[in-house]
2 protein chains.
Amino acid sequence: MKYSTRLADAAHVMLFIHNAKAPAISSAEIAKSICTNPAYVRQLMAKLKAAGLLLSTRGAAHPQLTRDPADISLLDVYNAVEGGKPLLHLDTHVNPECNVGVYIQYALDAHYADVQKAAEARMAKITLADIYGTFLDLCEKAQVTPPCQSGT
Amino acid sequence: MKYSTRLADAAHVMLFIHNAKAPAISSAEIAKSICTNPAYVRQLMAKLKAAGLLLSTRGAAHPQLTRDPADISLLDVYNAVEGGKPLLHLDTHVNPECNVGVYIQYALDAHYADVQKAAEARMAKITLADIYGTFLDLCEKAQVTPPCQSGT
DNA sequence: ATATCATGTAATTTTGAAAATTGCAAGCTG
DNA sequence: CAGCTTGCAATTTTCAAAATTACATGATAT
């Protein structure tokens, strides 16, 4: 399949909104930055809203974060848009008549959980403020002025 | 896309071979356990071989692990079959004319690397012997006799 | 108040990476 | 030699995600 870029796109949406100086930001504007379509952006925003990370109102183009970026972790965003989907996937289609096959996957399941936990623990420590900070650093190093939503 | 189950399948192959008492194990036999086809199993085995985890000879059905399962980590297997493919994926198709979009993804990249490192560090601590141990425990709890390659 | 632009959401189509399949040359083994 | 096997390349199928389409509902400004 295609790789899921929902976490990257959702973080993009959140940071784009945070970075915006203008009061009004439409899904169309955000979509242009991600090179996608407004409906997809709104789907992401709906999930972020359901997770309590974003506020938005029908008909009005002024979304806003519910909390300070320092209080929103990458894990929050991950849970919002990937909803429990694991990073590693078992092969659930093994031969049910083969005990070895069945129980090897069960055994793997237990250890996959540890990897998932480690990844999530790390994501919990990364905040949107951290990412935004890195963003500003990179922009400075490249001598680029952040705002683009006014121009493009 | 489909989810990749290569890591789970490759671990399955390794443990199936380790668990086998019979000297001869064909790719067809392993494939039956994973509910797949021999060619796919051989593709995985080719990668495991290239990574130095497995020995096999053309024409002869007697593969064997190159090291003790206690000396083979889940990360070894992951690197062998996923070859540097990350767990999280950036959105590389952003608008190149939007600095915000471009640099947000660059910033994310840096933090994704930390998550990847954490996951890999955890995988490095899990050995095939650990997984095989869990496998035996689960079999015992379920009162199931492990070997299946003799029967099915 | 009404024309215009936004959101929210469902339904459908397209895309793309992985698995499945096919085919066959090369090699072991009885 | 006959009947297995592996190794590997090429093709087809699968299926989750993204893209697209459509439209009802709601805001906003002139």
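Below, all heavy atoms of this structure are taken into account, side chains as well, without hydrogens, waters or symmetry copies. Residue numbers start from 1 in every chain, and the chains themselves are labelled A, B, ... in the order their sequence lines are given, proteins ahead of strands.
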As a test of reading the structure: which of dT20(D), dA18(C), dA10(D) is closest to the side chain of Ala39(A), going by heavy atoms? dT20(D)
Rounded to whole Å, CG of Leu44(A) lies from C1' of dA19(D) at a distance of 12 Å
Are the side chains of Leu74(B) and Leu7(B) in contact, using a 4.5 Å heavy-atom criterion? yes
What does the list of N/O pairs under 3.5 Å between the protein and nucleotides 23-27 of chain D look like, with a distance for each?
| from | atom 1 | to | atom 2 | distance (Å) |
| --- | --- | --- | --- | --- |
| dT25(D) | O4' | Arg58(A) | NH1 | 3.1 |
| dT25(D) | O2 | Arg58(A) | NH1 | 3.4 |
| dG26(D) | N2 | Gly59(A) | O | 3.4 |

Residue Ala46(B), side-chain heavy atoms: nucleotide from dA19(C), dC8(D), dT9(C) that is nearest: dC8(D)
Going by side chain to side chain donor-acceptor pair (under 3.5 Å), name the residues that satisfy it together with Ser73(A), two or more places apart in sequence or in a different chain. Asp76(A)
For residues Val102(A) and Leu136(B): do they belong to one hydrophobic cluster (side chain heavy atoms under 4.5 Å, members Ile, Leu, Val, Met, Phe, Trp, Tyr)? yes
Between dA19(D) (P) and Ile34(A) (CD1): distance, integer Å: 9 Å
Lys47(B) atom NZ is separated from dA9(D) atom P, nearest whole Å, by 12 Å
Ignoring hydrogens and angles, state whether a donor on the side chain of Thr134(B) or His111(A) is under 3.5 Å from an acceptor on the partner side chain. yes
When rounded to whole Å, the CD to P distance for the pair Gln43(B) and dA19(C) reads 9 Å
Whichever of Ala28(A) and Asp9(B) has the more 5' nearest nucleotide on DNA chain C, that residue is Ala28(A)
To the side chain of Tyr3(A), which of dA17(D), dA17(C), dT21(C) is closest? dA17(C)
Interatomic distance where CG belongs to Asn37(A) and P belongs to dT12(C) [whole Å]: 17 Å
Would a distance-only check, ignoring hydrogens and angles, find a side-chain to backbone donor-acceptor pair under 3.5 Å from Gln116(A) to Pro86(A)? no
To the nearest 0.5 Å, atom CE of Met14(A) lies from atom CG of Leu48(A) at 5.5 Å
Which nucleotide wins on minimum distance to the side chain of Lys2(A), given the candidates dG16(C), dT22(C), dT7(C)? dG16(C)
Where the side chain of Ala61(A) is defined as all heavy atoms beyond and including C-beta, which of dA17(D), dT7(C), dA20(C) is the nearest nucleotide? dT7(C)
Interatomic distance, Glu29(A) CD vs dA6(C) P [rounded to whole Å]: 9 Å
Does any part of the side chain of Ile25(B), heavy atoms only, come nearer than 4.5 Å to the side chain of Ile30(B), both counted from C-beta? yes
